[in-house]
Amino acid sequence: MSIDWFAFVIVAVATLVASMVVVGFYGLGVRLLAVATDAGPTRQSAVRLCAYACFAVCVAAVLYGIYLIVPALH
């Protein structure tokens with residue numbers, strides 16, 4: 001039995017990049033919600049919409065990961 005190290009490195013890099021993207025979008029969403037409280041009334045709704053869009057990307061990534069892990073969903 002031998003280990004395909006190149007495939008292992010590809011999976012490790014993909015995992016690292018995906019986790020950084022999800023954490024980055026979550027952090028951006030939290031930051032935008034904090035900025036929305038300080039923004040004027042004209043920009044407040046647009047900033048909140050962007051924050052909720054960032055959270056939606058995070059939720060979509062998590063749900064896609066669950067879909068890939070659970071074989072009963074295929």
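What you are looking at is a predicted structure, and each value in this text was computed from that prediction instead of being measured.
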Subject >> Residue list, ring pair (Phe, Tyr, Trp, His ring centres under 6.0 Å) with F8, at least two apart or on another chain >> reply: W5

Connecting only ILVMFWY residues whose side-chain heavy atoms lie within less than 4.5 Å of each other, what is the rest of [X]'s hydrophobic cluster?
| X | value |
| --- | --- |
| I69 | none |
| Y67 | V62, Y64, I66, L68, V70, L73 |
| L63 | V59 |

[X]: partners by side chain to side chain contact (heavy atoms under 4.5 Å, CB included), with sequence neighbours left out:
| X | answer |
| --- | --- |
| F55 | Y26, V30, L33, Y52 |
| V9 | V13 |
| D38 | none |
| L32 | L28, V47, C50, A51, C54 |

Original post:
Shortest non-hydrogen contact from A36 to R48?
Top reply: CB-CG, 3.7 Å

Result block: side-chain N/O donor-acceptor pairs under 3.5 angstrom for residues 16-23, not counting sequence neighbours:
unit_1 : atom_1 : unit_2 : atom_2 : d
S19    : OG     : T15    : O      : 3.2
S19    : OG     : L16    : O      : 2.9

